[in-house]
Amino acid sequence: MAVQTLSDDSPSRTLAGPAPRRVPTTATLWALAPSLIPALLMLLVGRFRMGNPSLGWDENASWLVSQRTPAQIVDQAGHFDGVISPYYMFLHYWTAVFGDSEISMRMPSLLAVAIGVGVAGELGRRLFNPGVGLFAALLLVAVPQLSRYAQEARAYGLAFLFATTATLLLYLALDRPGKKRWAFYGLTVALTGLAHIFALLMLAGHFYIVVSRWWLSRDRALFAWFPVTFVALLPVLPFVYLGATQRGGQLAWIAEMNLDTVLAAPGAMFGATIGGLVIIGLALAARWPDRALIRELGVLAVIPPVALIGVSFVTDSVWVPRYVLFVLPAITLCAAAALRGLRFRSLLVFVLVAATAVPDQLDLRGPATHMGADFRALAKVVTKNQQPGDVIVYAALGNWSLRAGMDYQLRDKTRPVDILLQTPSAEVGQLAAVECADPAACLGKAPRVWYFRQWKTGEPLDDVGPIGPTLKSDYRQIDIFKKTKGTLVLLERKPGR
C-alpha cells in the first residue's frame with residue numbers, strides 16, 4: 001500500500017512485508033513472545049479456580065438450552081434469546097463431545113480469551129513493536145474482567161476473540177489488500193456478529209480506520225472493506241432482527257442509565273477501578289510517530305461504550321460492561337505505547353495493575369460470583385436431607401433459572417419431584433416451563449415440600465406465587481437453609497390437612 005512519507009501521520013512501519021528467507025532464532029522467539037507468553041499466562045490465570053463458582057444465572061440458560069435438540073434450539077430462537085442461539089448450538093455439540101461439567105462448559109471461553117489475548121499481542125507487535133505488543137497483552141492478563149469471562153459459559157469470550165482477530169486482519173488487509181485477506185476478515189466479522197451482535201460496534205472503529213488509511217494513501221483498493229463487510233453481515237442480519245424484536249424480554253433486567261453508572265463505567269469495563277483508571281490514564285497519554293494509528297485505536301476503544309451509554313440515556317438501557325469487552329485491547333495498546341522504551345516504569349505499572357487487582361481476581365472466583373444463588377451448596381442440602389416422597393416448588397421470581405440451576409446440580413442424583421411442572425421449557429420454546437394451572441391440586445397430599453427462592457433476606461416464603469396460600473395453611477416450616485443468594489425452606493404437612 002503506498003503511503004505518504006513526509007507526514008507525521010503516515011504509518012511508521014509496514015505491517016506485513018515479505019518475510020526474510022533466514023530468520024535468526026532469537027528474532028523468531030522475540031516475534032512470538034508478544035502473543036505466546038500472554039496467551040499461555042492467560043490460560044494459567046483463567047484456569048485458576050475455574051470450577052469453583054457454581055453455574056450462574058445466565059450459565060444455567062446455557063446448560064438448559066444446549067441440552068436440547070438442534071430443532072428445539074432453533075424453535076426457541078424464534079421466541080427468546082434468539083441472538084444467543086448460535087452459541088447455544090455450538091455448546092450443544094461441544095457438550096455432546098466433552099460433557100457438561102462446569103469446567104467443560106467454560107473451557108471454550110477460556111480458550112477463546114487466551115487466544116484473543118495472544119492475538120492482541122500480535123496486533124501490538126505488528127502495529128508498534130514486540131515490546132508494546134507484549135506489555136499490552138500482559139495488561140489484559142492482569143485485569144479481572146477477562147478472567148471473569150474466561151470462566152463464564154457464555155459467548156462473551158468468543159466475541160472478544162473474533163473482534164480482536166478481525167481488527168488484526170483488517171490492518172493486514174489494508175496494508176496489502178488481497179482477496180484472501182479480505183475473505184478472512186469478512187469471516188471473522190460474521191463470527192463476531194454471531195457470537196454477540198453488540199460486538200459489531202467494532203465496525204464503527206473499523207470504518208474510521210479504513211477512511212484514515214485511505215486519506216493517507218488515496219488507495220481505492222481499501223474501499224473493498226465496504227462490500228466485504230456488507231456480505232459478512234448478511235448471515236448476522238436475522239439475529240439482529242431477532243434481537244430487535246425480542247429486546248424487551250431479553251434486556252428488561254438492565255438498570256436505567258444514570259450519572260453514577262457513567263462514572264463507574266471505566267472501572268466496570270476492566271473489573272478493577274484502580275487498574276482500569278491507571279490503564280486509561282496511560283492510554284490518554286499515548287504518543288507515537290504514526291499519530292493516525294493512535295487516533296484509530298482511540299476511536300476503536302471509545303465509540304462502542306459511548307454509543308451504548310448514549311443510547312441508554314434516550315431509550316431503554318443497553319449498557320452492560322461485558323458487552324464491550326472487545327475494546328480492552330485497543331486501550332491497553334495505547335497504554336503500552338505511552339510507556340514504550342521505559343522498561344522499568346512498564347514493570348512498575350504492570351505490578352501496580354496486577355497487585356491492585358488481586359482482591360477482585362479472588363472475589364470473582366467465589367462459589368456464587370456468576371450471578372444467582374450458590375446452586376451447588378443448596379443442591380447438597382437437598383441431597384443430604386431429602387426423603388422419599390419429597391417434592392420441590394420454585395419461587396415465582398426467577399423461576400426458570402432456579403429450576404434449571406437445581407436440575408443441573410442434581411442431574412445425576414435422586415431428587416425431589418418437580419410437582420408443579422406441567423410442560424418442560426424445551427417443548428414450549430422458552431426458558432421457563434409451563435407450571436400447573438391449579439397448583440394446590442397438583443401438590444395433592446405431598447408429605448414434605450422443598451421451597452427454593454432467591455436471596456437470604458425477607459420472610460421464608462417470599463415470592464412464593466400461587467402455591468403460597470396452600471403452603472401457609474396446610475404446611476409448617478421445619479427447617480430453613482440459607483446459602484449465598486438463596487434460601488431453601490423445608491415444609492411438612494400438618495396433621496389432618
Side-chain angles (χ1 to χ4, degrees), residues 47-64 66-67 95 98-107 148 151-154 362-421 424-425 431 433 446-464 467 471 475-493:
R47 181 62 181 83
F48 177 62
R49 295 185 181 177
M50 184 179 178
N52 197 45
S54 63
L55 287 190
W57 199 262
D58 290 341
E59 289 179 300
N60 287 335
S62 296
W63 173 76
L64 179 68
S66 68
Q67 302 311 295
T95 56
F98 298 104
D100 64 349
S101 70
E102 281 128 335
I103 290 179
S104 176
M105 291 181 63
R106 291 166 177 164
M107 188 58 67
R148 169 67 173 81
Q151 298 186 345
E152 179 95 350
R154 299 296 277 178
L362 294 176
D363 287 345
L364 65 84
R365 291 165 170 83
T369 52
H370 286 203
M371 298 182 292
D374 187 349
F375 290 97
R376 185 187 297 131
L378 291 161
K380 287 180 179 179
V381 169
V382 174
T383 299
K384 181 180 179 180
N385 296 279
Q386 68 178 327
Q387 295 179 6
D390 283 4
V391 303
I392 188 168
V393 299
Y394 298 93
L397 182 64
N399 178 282
W400 73 264
S401 191
L402 295 173
R403 174 175 276 113
M406 193 63 72
D407 284 349
Y408 174 79
Q409 298 297 336
L410 298 177
R411 64 196 184 284
D412 299 321
K413 301 178 178 67
T414 302
R415 47 182 162 167
V417 176
D418 189 349
I419 198 70
L420 300 185
L421 176 63
S425 58
L431 294 181
R448 300 203 320 168
V449 178
W450 292 90
Y451 171 62
F452 183 23
R453 70 172 178 88
Q454 298 184 74
W455 312 120
K456 297 193 297 183
T457 57
E459 296 299 318
L461 295 182
D462 279 355
D463 304 321
V464 70
I467 195 67
L471 293 183
Y475 289 83
R476 62 183 182 89
Q477 299 171 25
I478 59 174
D479 217 335
I480 299 175
F481 305 90
K482 296 185 177 183
K483 302 294 181 180
T484 306
K485 301 180 184 178
T487 298
L488 273 170
V489 183
L490 180 56
L491 302 105
E492 183 178 64
R493 195 168 188 87

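Quick note: numbers below take in every heavy atom, side chains included, and nothing from hydrogens, waters or symmetry partners. In this chain, residues are counted from 1 in sequence order. Because the structure is predicted, anything quoted here is derived from the model rather than measured.
- By the neighbour-count criterion of 12 heavy atoms within 6.0 Å, atom CZ of Arg49 is sparsely surrounded, having that number or fewer from other residues, nucleotides or ligands.
- A donor-acceptor contact shorter than 3.5 Å links the side chain of Asp390 to the backbone of Gln387.
- Contact detail for Leu431 and Trp400: the closest heavy-atom pair is O-CB, 3.5 Å.
- Inter-residue side-chain proximity for Tyr394 and Asp418 is flagged as met; some heavy-atom pair is nearer than 4.5 Å.
- Counting heavy atoms from C-beta on, the side chains of Trp63 and Met105 come closer than 4.5 Å.
- Contact detail for Ala153 and Ser62: the closest heavy-atom pair is O-OG, 2.6 Å.
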- Please test Leu471 against Val393 for side chain to side chain contact (heavy atoms under 4.5 Å, CB included), starting from the C-alpha separation and ending with a verdict. CA-CA 10 Å; Leu471 293 183; Val393 299; 4.3 Å; yes
- Message: For Asp407 and Arg415: C-alpha separation, side-chain torsions, deciding distance, then whether side chain to side chain contact (heavy atoms under 4.5 Å, CB included) applies.
- Response: CA-CA 9 Å; Asp407 284 349; Arg415 47 182 162 167; 3.0 Å; yes
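- Of the possible donor and acceptor atoms, none in the side chain of Thr484 sits under 3.5 Å from a partner among the backbone N and O of Ala368.
- Residues Leu364 and Pro53 come closest through the heavy atom pair O-CG, 4.0 Å.
- Judged by distance alone, with hydrogens and angles left aside, the side-chain atoms of Arg154 form a donor-acceptor pair with the main-chain N or O of Asp58 at under 3.5 Å.
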- Walk me through it: do Arg448 and Glu492 pass the test salt bridge (charged side-chain N to carboxylate O under 4.0 Å, His left out)? CA-CA 5 Å; Arg448 300 203 320 168; Glu492 183 178 64; 5.8 Å; no
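- Distance alone, capped at 3.5 Å, places no donor-acceptor pair between the Gln477 side chain and the Pro460 backbone.
- Of the possible polar contacts, none joining the Asp100 side chain to the Thr95 backbone as a donor-acceptor pair under 3.5 Å is found.
- Here Asn385 contributes atom CG and Leu488 contributes atom CG; the two are 9.5 Å apart, rounded to the nearest 0.5 Å.
- The distance from atom OH of Tyr475 to atom CG of Leu461, rounded to the nearest 0.5 Å, is 12.5 Å.
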- Query: Step by step, would you call Lys483 with Lys456 a side chain to side chain contact (heavy atoms under 4.5 Å, CB included)?
  - Reply: CA-CA 7 Å; Lys483 302 294 181 180; Lys456 297 193 297 183; 5.7 Å; no
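- Of all heavy-atom pairs spanning Phe481 and Trp450, the tightest one is CE1-CZ3, 3.7 Å.
- At least one side-chain heavy atom of Gln151 sits less than 4.5 Å from a side-chain heavy atom of His370.
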- Task: Please report the C-alpha distance between Arg148 and Glu152 in whole Å, then the side-chain angles of each, then the deciding distance to 0.1 Å, and finally whether the salt bridge (charged side-chain N to carboxylate O under 4.0 Å, His left out) criterion is met.
- Result: CA-CA 7 Å; Arg148 169 67 173 81; Glu152 179 95 350; 2.4 Å; yes
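- A donor-acceptor pair is defined here as one N or O able to donate and one able to accept, closer than 3.5 Å; such a pair exists between the side chain of Tyr451 and the backbone of Val464.
- With rounding to the nearest 0.5 Å, the separation of CG in Leu362 from OG1 in Thr369 is 11.0 Å.
- What you find for Gly486 and Leu378 is that their closest heavy atoms are CA-CD1, 4.0 Å.
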- Task: Kindly indicate, with the supporting measurements, whether the criterion side chain to side chain contact (heavy atoms under 4.5 Å, CB included) is fulfilled by Gln454 and Leu402.
- Result: CA-CA 8 Å; Gln454 298 184 74; Leu402 295 173; 4.0 Å; yes
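- Here the CE atom belonging to Met107 is positioned 5.5 Å from the CZ atom belonging to Arg47, to the nearest 0.5 angstrom.
- For Asp462, the side-chain hydrogen bond (donor to acceptor under 3.5 Å, both in side chains) test picks out no residue, with sequence neighbours left out.
- Between the side chain of Arg376 and the backbone N or O of Gln409 there is no donor-acceptor pair closer than 3.5 Å.
- Side chains of Ile480 and Thr487 form a contact here, defined as non-hydrogen atoms less than 4.5 Å apart.
- Here the closest non-hydrogen pair linking Ala446 and Val391 is CB-CG2, 3.8 Å.
- The line from CG of Leu490 to CD1 of Ile478 is 4.0 Å long, rounded to the nearest 0.5 Å.
- A donor-acceptor pair is defined here as one N or O able to donate and one able to accept, closer than 3.5 Å; no such pair exists between the side chain of Arg403 and the backbone of Ala433.
- Ring geometry, Phe375 versus Trp57: the interplanar angle falls from 30° to 60°, so the pair is classed tilted.
- Looking at heavy atoms from C-beta onward, Glu59 lies out of side-chain contact with Tyr408 at the 4.5 angstrom threshold.
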